[in-house]
Trainee: 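Have a look at the structure that comes next, please.
Labels below follow one simple rule: chain letters A, B, ... track the order of the sequence lines, proteins then strands, and each chain is numbered from 1.
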Protein chains: 2
Amino acid sequence: MIDKIEIIGLAAAVLTTTSFVPQVYKAWNQKATKDISLTMYLSFFMGVVLWFIYGIQIESLSIILANSVTGLLVFIVIILKLKYK
Amino acid sequence: MIDKIEIIGLAAAVLTTTSFVPQVYKAWNQKATKDISLTMYLSFFMGVVLWFIYGIQIESLSIILANSVTGLLVFIVIILKLKYK
């Protein structure tokens with residue numbers, strides 16, 4: 001049975017991870033990324049990679065799940081940012 | 001002595017937290033937030049609050065530190081987004 005603490009972690013993971021979906025959708029649809037900071041997304045991506053490693057080290061399902069999906073979405077925003085400048 | 005795993009966590013925390021600074025700076029300077037998704041930042045903010053609670057529960061300094069500062073920066077982006085639409 002998953003304990004209460006990991007449920008908070010999973011809920012946090014779902015929220016912070018899925019939060020990038022509307023940004024990907026907006027950038028994809030409007031083909032406009034001028035106001036988005038590339039520096040933010042590049043450093044955020046590097047941080048997410050480290051969080052992923054951290055999650056594996058402390059064996060936290062929430063952190064591992066969150067950061068693999070977030071990493072993918074953030075990577076897409078970076079691609080869209082480079083494409084639409 | 002802080003162990004190696006928490007150093008990875010702290011490095012991840014620094015990167016993902018400070019990554020919002022260039023976005024706050026860009027939005028503040030250019031007074032333009034059209035391409036930024038409000039939905040993303042609202043759900044990200046809720047997630048950060050949950051990560052903060054999670055960090056307290058598992059007593060992880062990295063997660064507590066990261067999410068209190070990130071929460072503040074994300075809150076500022078939300079204010080700038082509402083101000084400059």
Trainee: Just so I understand: if I count every heavy-atom pair under 4.5 Å between each of B:A13, B:G55, B:A27 and chain A, which residue has the most?
Mentor: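 Highest number of pairs under 4.5 Å: B:A13.
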Trainee: Is A:I36 linked to A:V21 within one hydrophobic cluster, defined over Ile, Leu, Val, Met, Phe, Trp and Tyr using a side-chain heavy-atom separation of less than 4.5 Å?
Mentor: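 Result: yes, single cluster for both.
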Trainee: Is there a side-chain contact between B:I58 and A:I58, using heavy atoms and a 4.5 Å cut-off?
Mentor: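 Of all side-chain heavy-atom pairs linking A:I58 with B:I58, at least one is under 4.5 Å.
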Trainee: Below 4.5 Å from any heavy atom of chain B, which atoms of A:I63 appear? Answer side chain, backbone, both or neither.
Mentor: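 The answer is both parts of A:I63.
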Trainee: Suppose clustering is done on Ile, Leu, Val, Met, Phe, Trp and Tyr with side-chain heavy atoms closer than 4.5 Å. Which residues sit in the same group as B:F52?
Mentor: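 B:F52 clusters with B:I56, B:I64.
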Trainee: Parallel, tilted or perpendicular: which fits the ring planes of A:F20 and B:F44, with parallel below 30° and perpendicular above 60°?
Mentor: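 Rings of A:F20 and B:F44: perpendicular, as their planes differ by over 60°.
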Trainee: Determine whether A:I76 and A:L82 fall in the same hydrophobic cluster, where Ile, Leu, Val, Met, Phe, Trp and Tyr are linked whenever their side-chain heavy atoms lie under 4.5 Å apart.
Mentor: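 Linked, A:I76 and A:L82 end up in one cluster.
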Trainee: Identify which part of B:A66 has an atom lying under 4.5 Å from any heavy atom of chain A, answering side chain, backbone, both or neither.
Mentor: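 Contact with chain A: side chain only.
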Trainee: Check whether A:V14 and A:V48 end up in the same hydrophobic cluster, where Ile, Leu, Val, Met, Phe, Trp and Tyr are linked by side-chain heavy atoms less than 4.5 Å apart.
Mentor: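 Different clusters: A:V14 never reaches A:V48 through Ile, Leu, Val, Met, Phe, Trp or Tyr contacts under 4.5 Å.
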Trainee: Look at A:G9, A:A12, A:G47 and state which one has the largest set of heavy-atom pairs under 4.5 Å with chain B.
Mentor: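 With the most close heavy-atom pairs to chain B, the winner is A:A12.
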Trainee: Write out all chain A-chain B donor-acceptor pairs shorter than 3.5 Å, or none if the list is empty.
Mentor:
| from | atom 1 | to | atom 2 | distance (Å) |
| --- | --- | --- | --- | --- |
| A:E6 | OE1 | B:Y54 | OH | 3.4 |
| A:E6 | OE2 | B:Y54 | OH | 2.7 |
| A:T16 | OG1 | B:W51 | NE1 | 3.0 |
| A:Q23 | OE1 | B:S37 | N | 2.9 |
| A:Q23 | NE2 | B:D35 | O | 3.0 |
| A:K26 | NZ | B:K34 | O | 3.1 |
| A:K34 | N | B:D35 | OD2 | 2.8 |
| A:K34 | O | B:K26 | NZ | 3.1 |
| A:D35 | N | B:D35 | OD2 | 3.0 |
| A:D35 | O | B:Q23 | NE2 | 2.9 |
| A:D35 | OD2 | B:K34 | N | 2.8 |
| A:D35 | OD2 | B:D35 | N | 3.0 |
| A:S37 | N | B:Q23 | OE1 | 2.9 |
| A:W51 | NE1 | B:T16 | OG1 | 3.0 |
| A:Y54 | OH | B:E6 | OE1 | 3.3 |
| A:Y54 | OH | B:E6 | OE2 | 2.7 |
| A:Y54 | OH | B:S60 | OG | 2.8 |
| A:S60 | OG | B:Y54 | OH | 2.8 |

Trainee: Identify the heavy atoms of B:L50 and A:A11 that sit nearest to each other, and give their distance.
Mentor: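 The pair with the smallest heavy-atom distance is CD1-CB, 3.7 Å.
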Trainee: Let me know if A:A32 has heavy atoms under 4.5 Å from chain B in its side chain, its backbone, both or neither.
Mentor: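 Contact with chain B is through both the backbone and side chain of A:A32.
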Trainee: Is the closest side-chain heavy-atom distance between A:L65 and A:V69 below 4.5 Å?
Mentor: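 No, every pair of side-chain atoms sits at 4.5 Å or beyond.
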